[in-house]
Amino acid sequence: MTELLDILANPAFWIATLRVATPLILGTLGVLLCERAGVLNLGIEGIMVAGAFTGWLAVYAGYGLWTGVLVAALAGAVFGLLHAWLTVGLALSQHVSGLGITLLATALSYYGYRVSFPKVNTPPTIEPFAAMDWLPIPILSAQTPLTLLALLLVPLLAWVLLRTPLGLAVRMVGENPQAAEGQGISVAATRTGAIVAGSALMGVAGSFLTLSAFNAFFFNMVNGRGWICVALVVFASWRPGKALLGALLFAFFDALQLRLQQAGDAWLPYQVYLMLPYLLSILALVLVARKAAYPQALMKPYRKGER
Amino acid sequence: MRLEKRNHTSPAAYVLAPVGAVVFTLLISGLLVLWAGAPVGQTYALLLQGAFGSVFALTETLTRATPLILTGLAAAVAFRARLFNIGAEGQLYAGALAAVAVGGMHGGTGLEWSPYVLFPLMMLAAVLAGAALLLGPALMKARLGVDEVVTTLLLNFIMLLLVSALLDGPMKDPLSMGWPQSVALQGDMELSKLVPQTRLHTGLLWAVSLAVMLWALLARTVPGFDIRAAGANARAAAFAGVPITRTVVLVALLSGGLAGLAGAIEVAGRTSYVTLDMSPGYGYSGIVIAMLAGLHPLGVIAAGTFVAGVLVGADSMSRAVGVPTYIADVIVATSLIAVLVAGLLTQYRVRWK
């Protein structure tokens, strides 16, 4: 018990929590934006891999760190455009298209990595983002600018979605595309825009891993983080603020199990602690389902003139 | 761009669409082969040869195809009922664990079971374990409207962590020199070899016969009709008197059971014990295979063999010309998307305006 209190009293623990949460925050916002427009994006897992790889590759090739982030966003946007074409343009199953994109983006990234570095055993490294020591806020000052970006994007996305005409259009095509079309909103264009922007965020989420958390690209480095973001969106009832909360909670458990393991004082196998966030997510899904807060047109393709 | 439903699709289109999709895939992937600095024609020839060009290559491909066909069937039957089971990976591990738990009791515990009793029990345990893992999400979807994609996906992670915990603890083989692996099955619990001196085992016959049975079930029986009706329109099906809960339970039993069986057959046919890396994502590949097959059980045999061939062929091709093996995943992913688009174009006409 004292071990647990020691861990919670240590600022290093909270620094780790916020660091673990950062890619989850960015990815969850990305999924949230797509889903608010009515489109599930299971491509996230692969798009994060692509973002991690392309962002890192750009920096390795000599470009600046922020250029790397932009490149990752661009890579995400390209896969988002493909997803939009398949799901909005051709009205294919959103589940299947998303899984296909995850597969494609992951395969292309791994292939690209192996072609670019055929013979290396230790992954080549870059100089990643430095901590923001100049910031007079504890815990946050130990983070890199991408964490600050993620935290700022939460209120920004909430404001855009809930307070601007653009956000209203996005929400309308996600709730009632017929009505939106009646208001003169192009369902196809709005959904495409939301998917592309959301996927760009997923790319940035991936780039955090190679440009901030680590300094190299590894296989399997995304390791299911994308799928967790998909669950977090439901957990968050499609609200950016709650998405931040969910990501922090998830990261809290993740960081906690790591420390309990290191302390050698865990009463349960460490895997049980790792399971907790997933079990909590399922529990949250059951509770949320009763409220049926999801966008009404989610996963329903829309064809003009068809009912 | 706008899609218009075709009134008539020529039979040739149904054949040409997938062929065109594969040709398109090979062209696109050819660019990537060029990027790696290898001759495209030779690379594809080596890939084909490595997959089907010798008895050894063919048996390796079919060995790899066995679990893929089973997880492909698992995905196909669930998707038919519009239950998006993304959890075949976890169900496969659940089946593998159950198989070792039952089949590994043999000998050590003092119980002397006849293999003729224990083997069916082992397979049954695997089926039930896989089914149990899907039943929860399936019922939560039917009763509460909880999205099964996310729940089955999350259960994969939970299941892998459970396997990891069990292989570190109660199910760890004390003789494994510290490696997290389970006790091995006794020899009489293992599947026999189909071709001597190769890894190909009789599990392939299981997979193929189950595909035929599943096709007959879906196409020819009342429960099969119920499954398809529930997938086409759950509300209308319920109104028409299709027993929805019973159908959901049946689908969970079939889909989860097939995935669980895939795990048991891998253990009994190939690995003989459970490790954390016994499946390189067979559960996820099964989804792709089901989609490539158009959710048709017999098509799953062909699609499973195709994917296994690409994976196995890429391995030997990679050793010869140095194109990374990940080209196999690129080919599979691209062909999935291309086949989907091609299938759509057989039913819809694109109008540019």
Side-chain angles (χ1 to χ4, degrees), chain A residues 40 42 46 82 85-86 89-93 95-116 118 188 219 224 227-228 230-231 233-235 268-275 277-279 281-282 285-286 288-290 292 294 298-299 303-306, chain B residues 1-3 5 29 32 35-37 79 84 86 136-137 140-141 143-147 149-151 153-166 168-169 281 284-285 287-288 290-291 318 322-334 336-337 340-341 343-345 348 350:
Chain A
L40 180 73
L42 294 182
L82 179 62
W85 179 62
L86 294 171
L90 300 181
L92 283 172
S93 156
H95 288 111
V96 177
S97 165
L99 290 169
I101 288 189
T102 280
L103 216 60
L104 183 66
T106 309
L108 282 176
S109 304
Y110 288 1
Y111 184 79
Y113 179 72
R114 265 286 163 255
V115 171
S116 314
F219 295 110
W227 305 134
I228 291 161
V230 176
V233 173
V234 186
F235 178 89
L268 291 165
Y270 71 93
Q271 291 96 341
V272 175
Y273 296 95
L274 277 178
M275 267 184 223
Y278 299 104
L279 289 169
S281 296
I282 292 181
L285 290 176
V286 174
V288 169
R290 296 198 165 278
Y294 57 87
L298 184 61
M299 286 183 264
R303 285 201 187 97
K304 224 179 198 171
E306 265 185 42
Chain B
M1 194 184 90
R2 205 153 57 86
L3 294 171
K5 190 119 183 126
S29 314
L32 294 173
W35 178 30
F79 281 34
F84 287 95
I86 315 293
M140 282 199 287
K141 178 199 164 98
R143 291 285 146 139
L144 304 170
V146 181
D147 183 35
V149 172
V150 183
T151 48
L153 199 58
L154 292 174
L155 276 171
N156 286 342
F157 292 95
I158 294 173
M159 200 60 217
L160 263 168
L161 287 166
L162 185 67
V163 174
S164 164
L166 289 174
D168 269 351
Y284 300 106
S285 306
I287 299 162
V288 178
M291 296 314 303
S318 175
V323 175
T325 51
Y326 294 106
I327 194 73
D329 299 319
V330 176
I331 292 177
V332 170
T334 311
L336 169 68
I337 293 172
L340 288 174
V341 172
L344 186 99
L345 293 182
Y348 289 88
V350 178

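When reading the values below, keep in mind they use all heavy atoms of this one structure, side chains included, and skip hydrogens, waters and symmetry mates. We name chains A, B, ... by the order of the sequence lines, and we start the count at 1 in each one.
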Student: Which atoms of B:Leu345 are under 4.5 Å from chain A, going by heavy atoms: the side chain, the backbone, both sets, or neither?
Tutor: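 Neither part; nothing is under 4.5 Å.
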
Student: To the nearest 0.5 Å, what is the distance between CG (B:Leu344) and CG (A:Leu86)?
Tutor: 9.5 Å

Student: Tell me, do B:Ile86 and A:Trp227 make a side-chain contact under 4.5 Å, heavy atoms counted?
Tutor: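 When only atoms from C-beta onward are counted, A:Trp227 and B:Ile86 do not touch, as no gap falls below 4.5 Å.
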
Student: Quick check: closest heavy atoms across A:Ser116 and B:Trp35, and the distance to 0.1 Å?
Tutor: OG-CZ2, 4.2 Å

Student: Just how far is it from atom OG of A:Ser93 to atom CZ of B:Phe79, taken to the nearest 0.5 Å?
Tutor: 7.5 Å

Student: Out of curiosity, B:Leu160 CG to A:Leu274 CG, how far, rounded to the nearest 0.5 Å?
Tutor: 11.5 Å

Student: What are the two closest non-hydrogen atoms of B:Ala165 and A:Pro269, and how far apart are they?
Tutor: CB-CB, 4.5 Å

Student: Heavy-atom cut-off 4.5 Å, strictly under: side chain, backbone, both or neither for B:Leu162 against chain A?
Tutor: both

Student: Mind checking whether A:Leu108 and B:Leu32 have side chains closer than 4.5 Å, heavy atoms only?
Tutor: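 Side-chain contact under 4.5 Å: yes.
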
Student: To the nearest 0.5 angstrom, please state how far the CD atom of A:Gln271 sits from the CG atom of B:Asp168.
Tutor: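 Rounded to the nearest 0.5 Å, the CD-CG separation comes to 5.0 Å.
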
Student: Side chain, backbone, both or neither: which part of A:Phe235 has a heavy atom under 4.5 Å from chain B?
Tutor: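 Neither part, no heavy atoms under 4.5 Å.
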
Student: For A:Thr102, which atoms come within 4.5 Å of any heavy atom of chain B: side chain, backbone, both, or neither?
Tutor: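 When you check distances to chain B, no heavy atom of A:Thr102 falls under 4.5 Å.
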
Student: Which one, B:Thr334, B:Leu161, B:Val288, leads in non-hydrogen pairs under 4.5 Å with chain A?
Tutor: B:Leu161

Student: Quick one: CG on A:Leu285 to CG on B:Leu154, what's the gap to the nearest 0.5 Å?
Tutor: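 Between A:Leu285 CG and B:Leu154 CG, I get 6.5 Å after rounding to 0.5 Å.
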
Student: Please classify the contact between A:Leu40 and chain B as side chain, backbone, both or neither, with a heavy-atom cut-off of under 4.5 Å.
Tutor: neither

Student: Rounded at 0.5 Å granularity, tell me how far CG in B:Leu336 sits from CG in A:Leu103.
Tutor: 7.0 Å

Student: List the steps and the verdict of side chain to side chain contact (heavy atoms under 4.5 Å, CB included) for A:Ile228 and B:Phe157.
Tutor: CA-CA 10 Å; A:Ile228 291 161; B:Phe157 292 95; 5.6 Å; no

Student: Let's go through B:Asp147 and A:Val234 carefully: what are the C-alpha distance in whole Å and the side-chain angles of both, what is the deciding distance for side chain to side chain contact (heavy atoms under 4.5 Å, CB included) to 0.1 Å, and is it a yes or a no?
Tutor: CA-CA 9 Å; B:Asp147 183 35; A:Val234 186; 5.9 Å; no

Student: Go through it in stages, so that I can follow the logic: the residues are A:Ile282 and B:Ile158, the test is side chain to side chain contact (heavy atoms under 4.5 Å, CB included), and I'd like the CA-CA distance, side-chain angles, deciding distance and then a yes or no.
Tutor: CA-CA 11 Å; A:Ile282 292 181; B:Ile158 294 173; 3.9 Å; yes

Student: Under 3.5 Å, which donor-acceptor pairs link side chains of residues 324-331 of chain B to any protein atom two or more places apart or in another chain?
Tutor:
none

Student: Taking all non-hydrogen atoms of both residues into account, name the closest pair between A:Val286 and B:Val146 and its distance.
Tutor: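 For A:Val286 and B:Val146, the tightest heavy-atom pair comes out as CA-CG2, 3.9 Å.
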
